Amino acid sequence: MTEIEVDHLIIGAGFAGLCAAIKLNESGERDFVVIEKDSDVGGTWHINTYPGAECDVPSQLYSYSFALNPDWSKVYSPQQEIWDYTKRVADSSGVLDRFVLDTAAEESHWDAERQRWIVTTSAVGSGARTTYAARTLIAGSGGLSEPSLPDIEGIETFAGHTFHSARWDHDVDLAGKRVAVIGTGASAIQLVPEVAKVAGRLDVYQRTPNWIIPRNERHFSTLEKTVFRYVPGAQRAVRASVYAALEARVPAFTRFPKAMAAVEAQVKRNIAKGISDPDLRAKVTPDYRAGCKRILVSNKWYPALDRDNVELITDGIARVTSTGIVAQDGTEREIDVLIIATGFHVTDPPIAQHITGRDGHTLADVWSKTGMRAYKGTTIHGFPNLFQLVGPNTALGHSSMIFIIESQVRYVVETVRAMRRDGLGAVEPTLAAQDAWSDAVQRRMRRTVWTTGGCASWYLDQFGHNTTLWPGQTFTFRRQLSRFDPDKYDVTALSTVPSDKGTPTAKEAVSA
Ligand SMILES: Cc1cc2nc3c(=O)[nH]c(=O)nc-3n(C[C@H](O)[C@H](O)[C@H](O)COP(=O)(O)OP(=O)(O)OC[C@H]3O[C@@H](n4cnc5c(N)ncnc54)[C@H](O)[C@@H]3O)c2cc1C
């Protein structure tokens, strides 16, 4: 197997990996490779193709600050439009020549002597098997990327079609079929209204109802798009107003959960408008504080549940048989297709099993004992020169993840610049710095609605800690990551003068 030396290896070609590639390139760091196990760029927006897949943050904000798009068709863009956007940005950025698709990062370990990450890749599809030796490893493998499957007795015995919402099987025609959807989270509330239109019968299995606010949905007019394109500053002003409106919600999540009563009243009005049956209204009304689980946005969910061909089942699932689902009350409902919409591995990211640090422990080993911890959500004690994009406590319940991603990438670029300037071969946050950061985050978490709201959510890990969300304003996060802070790091001088002689450049390696 050939070994390719690169300065930076980026895992994943979603918004995060793509942003890292573009910004490193702009800063003069051109010797990098992006490996992506999928067949195209776009991450979430290439992979999640279920019917109804859309953004739930306005697209004026859910886009890169350096690549505004005046042509968004509507306030909340559909999946295809966002995927097209990522492809356009990738195409025009001049970095695609260093992307290796159909290739997964398999095992990565830190070689202290060489001060490099040794990363072996497996071939997926037409991709090739390679080893990379990289000075930095930038993991942009996604926080909501790996489907989480429910542990239900007999699920593997179901003889009909089964697939996860994030791996939609477009070959299965749902028209007239008896379909079951397990889960009522963010993906389910988008796909159920679409499936309900074509399915003969649709059973929706709900464990806990969500608070679902109406969506201020509308298309942009030709005039608006023209203004966005040609009037300097107009689109930035709209973007800033969306940003400010979403940030204004933060105190209710983090410090004043009682303020969520206003959201609850709004949702109850939405339920009354969408659902006629009082029993069904009761089933979809949550008994915990709004915001404790992700607040969802839809105008279609409640009317979909009110349809004659749709049944909401809240008794819990006892088991799956070869022909259907048996509820806890003993009722068996036969189905042809089973759609699993139970979310993703969030607090146990699969990539962590494949990254082995300085002491020979995998990141998964370390985090299984402590929960996910990282300094500034990005760098990790014991794992020199590793940057985890969308790392611990960086996700948002209220705004655009792209803002967070850009903040983290800025920190990566600043750190790499400092390493080059100061001749550093390895940087690793001290345990004290990482603990101080993570402990402060957890202290702030105590007052939040995610902790006090009376629900169990996917934000929480095996210890009951919220290691997923950032408990504050996003501009605070950005400020904290605005510069590299060497006093919080153990730094080691470059041990060997890097020799490019005889080793292919990233560009040559990719085209080889
Ligand atoms: C259905 C859905 C809707 C969402 N809606 C919103 C929204 O409205 N607003 C919002 O802010 N966020 C939303 N999110 C979160 C969304 O994931 C982030 O906004 C953003 O797309 C994350 O980008 P990323 O690059 O970090 O991760 P991803 O987009 O998940 O990309 C990660 C990439 O890494 C690749 N990869 C993973 N492991 C490996 C490996 N071992 N080797 C090589 N490649 C690998 C994956 O194939 C993938 O392409 C949504 C997520 C989902 C699933």
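Bear in mind that the values here come from a model prediction, so they are computed numbers and not experimental data. Quick note: residue numbers are just sequence positions, from 1. Counting starts at 1 for both ligands and their atoms, in listed order.
- When the heavy-atom distances from atom 40 (C) of ligand 1 to Ile10, Ile11, Leu61 are ranked, the shortest goes to Ile11.
- Applying side-chain contact (heavy atoms from CB on, under 4.5 Å) to Phe484 and the options Val427, Thr379, Val413 leaves one that passes, Val427.
- Judged by the 6.0 Å and 45° rule, Arg294 forms no cation-pi pair with Tyr459.
- Taking the six-membered ring where the residue is Trp, the centroids of Tyr411 and Phe387 are separated by 6.0 Å or more.
- At least one heavy atom of Thr103 sits closer than 4.0 Å to an atom of ligand 1.
- Relative to atom 37 (C) of ligand 1, the option among Ser141, Ser165, Pro147 with the closest non-hydrogen atom is Ser141.
- Remark: aromatic rings of Trp301 and Trp211 are distant, center separation not under 6.0 Å.
- Each of the following atoms of ligand 1 lies closer than 4.0 Å to a heavy atom of Ser399: 11 (O).
- For ligand 1 and Gly142, the ligand atoms under 4.0 Å from any heavy atom of the residue are 26 (O), 27 (O), 28 (P), 30 (O), 32 (C).
- Look at Leu389 and you'll find every heavy atom at least 4.0 Å from all atoms of ligand 1.
- No N or O atom of Asn48 sits closer than 3.5 Å to an N or O atom of ligand 1.
- Distance alone, capped at 3.5 Å, places no donor-acceptor pair between the Asp169 side chain and the His161 backbone.
- Phe228 has its ring centre less than 6.0 Å from the ring centre of Phe220.
- Nearest to atom 17 (O) of ligand 1 among the protein's heavy atoms is Thr44 OG1, 2.8 Å.
- In this structure, Tyr50 counts as a contact residue of ligand 1, since one of its heavy atoms falls inside 4.0 Å of the ligand.
- Where the criterion is an N or O separation shorter than 3.5 Å, residue side chain and backbone included, Lys37 meets it with respect to ligand 1.
- Protein heavy atom closest to atom 3 (C) of ligand 1, with residue, atom name and distance, is Trp45 CH2, 3.8 Å.
- For Ser187, no nitrogen or oxygen atom sits less than 3.5 Å from a nitrogen or oxygen atom of ligand 1, counting backbone and side chain alike.
- Ring centers of Phe15 and Tyr64: under 6.0 Å apart, within the cut-off.
- In terms of N/O distances under 3.5 Å, ligand 1 is approached by Ala105.
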